[in-house]
Amino acid sequence: MYAYPSSTRPLLAAWLCLAVLAASILSSAAFPSRASAAPAGGYKIVGYWHNFDNGSGFIRLRDVSPDFDVVNVSFAEPVGGSATGTIGFAPYNYTEADFKADVAYLKSKGKKVLISIGGANGQVQLATAAARDAFVSSVTGIIDKYGFDGLDVDFEGHSLYLNAGDSDFRNPTTPVVVNLISALKSINGKYGTDKFILTMAPETFFVQLGYSFYGGSCISCDSRAGAYLPVIHATRDILDWLQVQNYNSGPITGLDDQYHTMGNADFHVAMADMLLTGFPVAKNASQVFPALKQEQVVLGLPANGNAGGGFTSAADVQTALDALIKGKQLSSYKTRGSSTGYPNFGGLMTWSINWDKFNGFEFSSKHRAYLNAIAPQAPDTQAPSVPANLASTGVSSTSVSLSWSASTDNAGVTGYVVSYGTVQLNVSGTSAVVTGLAPDTNYSFTVRAKDAAGNLSAASAALNVRTSAASGDTSPPTAPSGLSVTGKTSASISLSWTASTDNVGVTGYTVAYGTQQLAVTGTSITVSGLTAGTSYTFTVKAKDAAGNVSPAATVTASTDAAGAQAWAAGVAYKTGDLATYGGKTYSCRQPHTSLQGWEPPNVPALWLLQA
């Protein structure tokens with residue numbers, strides 16, 4: 001979860017020596033008594049247990065403080081490189097038999113023991129179907145071998161990213177994202193949702209940053225921004241909880257459109273409220289990431305100052321919990337999703353159990369006492385009533401208008417989900433206009449109601465509607481506008497444009513250059529396989545369902561000259577050197593040796609984006 005930059009490593013060696021000495025002194029400290037460690041209803045405390053020694057000290061699993069409800073064994077890591085998909089795990093400082101016995105011991109005490117995959121040094125990229133299948137096979141093998149209760153996904157670094165044009169978190173297309181979703185569903189399917197625990201521990205960069213920037217749709221931003229969102233969204237029905245790391249984070253814009261900085265109650269409330277309220281991805285009102293259930297949101301915190309940046313005192317953490325659980329609003333940030341609090345909030349996670357022991361168990365003991373003093377309400381599991389009287393109020397060749405009667409719910413209906421085929425549309429009222437349909441085609445629509453707890457009603461009776469025929473349409477779409485180059489390398493050029501309009505709806509675009517023609521369904525494309533240092537003229541035309549073709553939009557651009565290499569950490573760059581990153585080319589502005597975190601989009605003082 002935390003890696004030290006290379007510039008600190010000489011000091012780190014000396015620091016670790018002191019840490020080991022301190023750990024040996026603390027190893028004799030008494031754990032909290034088991035009588036004081038009763039689980040606090042639905043409020044859980046999750047801790048990561050190190051399968052290595054980084055100076056925090058070793059601790060056997062059976063000796064973990066009883067104040068923890070869930071123990072994440074960290075980490076299982078890739079075997080043979082990040083792209084193989086194969087995951088391996090071997091217990092540190094244990095015989096295999098003793099490790100299995102300790103896992104079984106914790107489970108006999110009512111604790112849950114999960115295997116966590118990834119971490120700062122365990123990057124995993126499932127770019128192919130073969131890697132996905134190897135991931136599923138190796139992970140289930142580890143779970144079966146040691147008797148783990150489930151899986152925690154702690155992908156960091158460059159494990160997840162979004163390809164240019166992958167702009168809809170609800171329908172991702174980037175292989176590393178699509179294959180991870182498929183793998184998690186396969187693993188869960190093997191064991192069953194009732195028996196298997198699935199959790200995730202992304203950094204704020206991969207989740208809440210998606211409110212401001214989304215890697216697949218923004219120009220000159222990091223392609224990893226918000227990259228966890230499609231994974232969380234696609235697995236929300238099987239995801240037990242999400243424990244975002246509210247540490248080692250830069251300032252993040254909250255729902256109040258203000259920056260929030262880690263290490264205080266304000267930051268934790270603002271970050272959690274985004275997940276409990278939902279937010280428009282990249283501030284696009286048509287792409288809202290829906291709220292998670294209260295019990296699915298867990299605060300991720302460092303156990304002490306050694307464990308990571310952004311350590312928050314126990315008093316400030318509990319101030320944040322007062323705001324989130326009890327509705328005691330902060331002066332600096334007011335929760336958007338509920339002004340009275342989230343009584344079924346999930347709890348706390350810490351990196352790590354080992355650092356908690358090193359610090360005299362301050363995190364687990366103080367927060368367990370706080371949580372034990374709260375009487376959590378039972379989760380709301382009552383679904384709304386089924387929407388009635390679904391009817392069509394209008395039909396065209398490309399759209400259907402629907403209406404229905406409002407549902408009722410014990411806590412109030414928050415919206416509806418309109419479904420047809422594999423498409424699901426979220427609407428707030430009791431009517432919807434479904435567009436983008438094909439002429440003269442049968443569609444079957446259903447509607448479900450949802451409440452604030454995320455409960456969904458059963459589907460309404462299906463309504464079958466046939467769109468009108470697009471007879472005699474000879475009107476072509478408008479020409480694509482705003483055609484521009486959004487990125488390039490020595491072998492590729494990325495294009496985007498503004499959507500055309502048409503009386504019956506645009507069905508796609510044709511991108512042509514030289515003798516090549518490419519069919520595109522969206523409004524962007526990366527044309528690859530080009531020659532370095534060569535000028536190309538691209539034309540883009542729209543087409544509709546009747547086969548009419550628009551006038552062309554044209555743009556000319558040249559690929560970068562040969563010699564630009566992919567950016568990498570640990571390289572001495574000089575002024576004028578070219579490097580590629582995220583499908584774009586950058587020129588070095590001043591000599592420096594690169595470090596992880598100094599990727600070109602992140603340090604404009606060092607790198608200039610080439611037009």
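When atom types are taken as modelled, the side chain of Ser186 and the backbone of Leu184 share no donor-acceptor pair closer than 3.5 angstrom. Using modelled atom types, no side-chain atom of Ser137 and backbone atom of Asp133 make a donor-acceptor pair closer than 3.5 Å. Panel note: side chain Thr478, backbone Thr501; a donor-acceptor pair is recorded below 3.5 Å. In this structure a side-chain-to-backbone donor-acceptor pair under 3.5 Å is present from Glu599 to Gly597. Panel note: side chain Ser396, backbone Thr398; a donor-acceptor pair is recorded below 3.5 Å. In this structure, Tyr509 contributes its side chain and Pro480 its backbone to no donor-acceptor pair below 3.5 Å. For the pair Ser594 (side chain) and Ala568 (backbone), a donor-acceptor distance under 3.5 Å is present. In this structure, Asp451 contributes its side chain and Asn455 its backbone to a donor-acceptor pair below 3.5 Å. Looking only at distances, no side-chain donor or acceptor of Tyr416 sits under 3.5 Å from a matching main-chain atom of Leu425. Counting only distance, with no hydrogens or angles, the side chain of Thr84 and the backbone of Gly80 share no donor-acceptor pair below 3.5 Å.
By the side-chain contact (heavy atoms from CB on, under 4.5 Å) test, Ala459 pairs with Thr446, Arg448, sequence neighbours left out. Under the rule for a salt bridge (charged side-chain N to carboxylate O under 4.0 Å, His left out), the partners of Asp168 that lie at least two apart in sequence or sit in another chain are Arg170. Partners of Pro591 under the side-chain contact (heavy atoms from CB on, under 4.5 Å) rule, at least two apart in sequence or in another chain, are Thr575. Evaluation of the side-chain contact (heavy atoms from CB on, under 4.5 Å) rule for Asp577 yields Tyr573, Lys574, Cys588 as partners, not counting sequence neighbours. Under the side-chain contact (heavy atoms from CB on, under 4.5 Å) criterion, Gln296 pairs with Leu239, Leu292, Lys293, sequence neighbours left out.
Here Ser392 contributes atom OG and Leu463 contributes atom CG; the two are 6.5 Å apart, rounded to the nearest 0.5 Å. Note that CG of Asn602 is 10.0 Å distant from CD of Gln596, once rounded to the nearest 0.5 Å. One distance of note links OG of Ser431 with CG of Leu402; it measures 9.0 Å at 0.5 Å rounding. Annotation: the span from Thr585 atom OG1 to Leu608 atom CG amounts to 11.5 Å, rounded to 0.5 Å. Taking CG of Asn188 as the start and OG1 of Thr140 as the end, the distance is 12.5 Å to the nearest 0.5 Å.
Tyr161 and Asp166 share no side-chain donor-acceptor pair at under 3.5 Å. Checking Thr204 against Ser249 by side-chain atom types alone, a donor-acceptor pair falls below 3.5 Å. Side chains of Thr537 and Thr556: a donor-acceptor N/O pair is present below 3.5 angstrom, by distance only. Neither side chain, Asp240 nor Thr199, offers a donor N or O lying under 3.5 Å from an acceptor on the other. Donor-acceptor pairing under 3.5 Å is recorded for the side chains of Gln245 and Glu156. Between the side chains of Gln243 and Trp241, a donor-acceptor pair is found at a separation under 3.5 Å.
Between Trp607 and Tyr581, the ring center distance fails the sub-6.0 Å criterion.
Ring pair Tyr420/Phe445 is tilted by interplanar angle, where 30° to 60° counts as tilted. Note: Trp598 and His592 have tilted aromatic rings, judged against thresholds of 30 and 60 degrees for the angle between ring planes.
Shortest non-hydrogen contact noted between Pro477 and Pro551 is O-CD, 3.8 Å. Minimum interatomic distance between Leu255 and Met274 (heavy atoms only, all atoms of both residues): CG-CG, 3.8 Å. In terms of heavy atoms, Tyr211 sits closest to Pro280 at CD1-O, 3.5 Å. In terms of heavy atoms, Ser419 sits closest to Gln424 at OG-CG, 3.6 Å.
Cation-pi contact between Arg224 and Phe213: absent, since separation from the ring centre below 6.0 Å together with deviation from the ring axis within 45° is not met.
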**Message:** Evaluate Ser494 against Thr526 for side chain to side chain donor-acceptor pair (under 3.5 Å), listing each step before the verdict.
**Reply:** CA-CA 4 Å; Ser494 297; Thr526 297; 2.8 Å; yes
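Sequence neighbours left out, the pairs with a member in residues 538-553 that pass side-chain hydrogen bond (donor to acceptor under 3.5 Å, both in side chains) are Asp473-Asn548, Asp544-Asn548.
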